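Some notes on the structure that comes next.
Since we're looking at a predicted model, the values are computed, not measured.
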Amino acid sequence: DRAGDGDSGTRETDDGGIRLFERLCTDHRSTFYIMSTETLTVNGGKAGEKKTILLPSRPKKRLFIGMLLLVTLLAAVLLFGIWYIGVPGLERIQPLLPWAIGALLTGAVLLSFFGIFNMVLAVAGLPYLPWMKRQTYELINLLFPAAVRLGALFGVKRRRLEGSFIAVSNLLFHRMHIRVPADRLLVVTPHCLQLASCPHKVTRDPNNCKRCGGCNIGDLVTLSEEMGFHFFVATGGTLARQVVYNTRPKAVLAIACERDLMSGIQDVFPLPAVGVLNIRPNGPCYNTSVDMAEVRRQLEEIIKESLIK
């Protein structure tokens, strides 16, 4: 399903911006995205080829929160049913046992609802409890597989839920007003951001990039020199985690697809991390691009102003 797993329903336009066509299949497996009016020039499928696309609209935070809430409600009903059926047997073992187990289950459900309510407060810009972020991620790990299955019943793709989670996670990051020195910030990107035909190896050492303008690697190397952050191109999640361990940053900005960003943000927790979605006009993991204006905007919000070069 290349349309669903590729990017993001980018639309391509000619240089004059007159002709549009969708890179989406029309069968039942397709994922349809609401397009924004923003355009971006990205790499094509061959060296030197460029094309202009319409960007998808930003992921909706309420989608992820709403699906978690629905899953929690269904889980509460299921747990109550199991508890109610088991009450007679539990009473025969110990008269107080049903009440003890009921109290435990009620506490777990209420804690889950409170975690979701805490996210709602953060999204709404109201006071919330930032120290509950760990419990929130644990709740997400527990309920997300069920949310994906439930979302499928409503025609909501896993990738849309992951994008919505990243939007919520980024908002929580910025609500905590985290600012770090540039030399304590690590920016990690996948190697698919490099032009596939490029002969220069930039994994482990991005400075091998010749900055020909064929991909965004050169843009990020230049930006790292300008702002002073650490920049690394990883071949996979294992290498990315190793770089985080060796660099010991105070914050991470990761550029990747929805799936890798969601798992990566949770893997490095409690290290604060921001995710920027890559753009995949040529399909998944091939000649991808990134919105450099969005990357710069995120960096300027993270790096302490007095320490930007």
Side-chain angles (χ1 to χ4, degrees), residues 4 28-29 31 59-173 175-176 237 241 258-273 275:
H28 68 281
R29 297 174 300 168
T31 303
K60 303 297 184 184
K61 306 175 189 71
R62 61 176 177 268
L63 174 65
F64 178 74
I65 294 175
M67 202 59 66
L68 277 188
L69 181 60
L70 185 55
V71 168
T72 304
L73 282 170
L74 292 176
V77 172
L78 179 63
L79 288 174
F80 175 77
I82 294 173
W83 173 83
Y84 185 79
I85 293 170
V87 165
L90 293 172
E91 284 181 334
R92 285 196 292 270
I93 299 172
Q94 165 57 249
L96 295 178
L97 191 57
W99 301 105
I101 293 178
L104 186 64
L105 294 177
T106 300
V109 169
L110 289 177
L111 185 62
S112 298
F113 278 123
F114 185 74
I116 296 172
F117 180 65
N118 197 48
M119 280 193 283
V120 172
L121 292 177
V123 169
L126 299 172
Y128 77 111
L129 300 176
W131 54 264
M132 279 200 68
K133 198 172 181 182
R134 177 182 291 278
Q135 289 80 359
T136 300
Y137 279 158
E138 289 172 353
L139 175 67
I140 290 168
N141 284 330
L142 180 65
L143 298 181
F144 189 75
V148 170
R149 290 179 174 81
L150 185 63
L153 298 177
F154 295 97
V156 179
K157 291 280 188 176
R158 179 189 185 102
R159 207 167 280 269
R160 284 187 63 198
L161 282 176
E162 290 169 337
S164 183
F165 161 79
I166 294 161
V168 172
S169 181
N170 286 353
L171 184 142
L172 292 175
F173 178 100
R175 282 294 309 273
M176 295 171 72
R241 284 187 287 271
E258 291 89 343
R259 181 191 62 187
D260 290 348
L261 282 180
M262 179 166 182
S263 61
I265 288 171
Q266 295 184 29
D267 284 347
V268 301
F269 187 82
L271 186 67

Does any N or O in the side chain of [X] come within less than 3.5 Å of the main-chain N or O of [Y], such that one atom is a donor and the other an acceptor?
{"X": "R175", "Y": "A122", "value": "yes"}
{"X": "D267", "Y": "R241", "value": "no"}
{"X": "S164", "Y": "R160", "value": "no"}
{"X": "N118", "Y": "Y128", "value": "no"}

Is there side-chain contact between [X] and [Y], with heavy atoms separated by less than 4.5 Å?
{"X": "L139", "Y": "I116", "answer": "yes"}
{"X": "V123", "Y": "R62", "answer": "no"}
{"X": "V156", "Y": "F64", "answer": "no"}

To the nearest 0.5 Å, what is the distance between [atom1] on [X] and [atom2] on [Y]?
{"X": "F144", "Y": "L150", "atom1": "CZ", "atom2": "CG", "value": "12.0 Å"}
{"X": "W99", "Y": "E91", "atom1": "CH2", "atom2": "CD", "value": "8.0 Å"}
{"X": "E162", "Y": "L261", "atom1": "CD", "atom2": "CG", "value": "9.0 Å"}
{"X": "I82", "Y": "L78", "atom1": "CD1", "atom2": "CG", "value": "4.0 Å"}
{"X": "Q94", "Y": "I101", "atom1": "CD", "atom2": "CD1", "value": "10.5 Å"}
{"X": "L70", "Y": "F154", "atom1": "CG", "atom2": "CZ", "value": "5.5 Å"}

Testing the basics here: between [X] and [Y], what is the closest heavy-atom pair and its distance to 0.1 Å?
{"X": "A273", "Y": "S169", "value": "O-OG, 4.5 Å"}
{"X": "P98", "Y": "P95", "value": "CD-O, 3.4 Å"}
{"X": "L161", "Y": "M67", "value": "CD2-CB, 4.0 Å"}
{"X": "I265", "Y": "G275", "value": "CD1-N, 4.3 Å"}

Excluding sequence neighbours, so at least two apart, what forms ring-ring contact (aromatic ring centres under 6.0 Å, His included) with F269?
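Partners of F269 by the ring-ring contact (aromatic ring centres under 6.0 Å, His included) criterion, ordered by chain and then number, come out as Y137.
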Residues forming a side-chain hydrogen bond (donor to acceptor under 3.5 Å, both in side chains) with R149, sequence neighbours excluded:
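Counting only residues at least two positions away or on another chain, R149 forms no side-chain hydrogen bond (donor to acceptor under 3.5 Å, both in side chains).
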Decide yes or no on side-chain contact (heavy atoms from CB on, under 4.5 Å) for Q266 and F165, but give the supporting numbers first.
CA-CA 11 Å; Q266 295 184 29; F165 161 79; 3.7 Å; yes
Worked check of salt bridge (charged side-chain N to carboxylate O under 4.0 Å, His left out) between E258 and R159
CA-CA 6 Å; E258 291 89 343; R159 207 167 280 269; 3.2 Å; yes
Which atom pairs, one a donor and one an acceptor, fall under 3.5 Å between side chains of residues 104-112 and the rest of the protein, sequence neighbours left out?
residue : atom : partner : partner atom : Å
T106    : OG1  : G102    : O            : 2.7
S112    : OG   : A108    : O            : 3.0

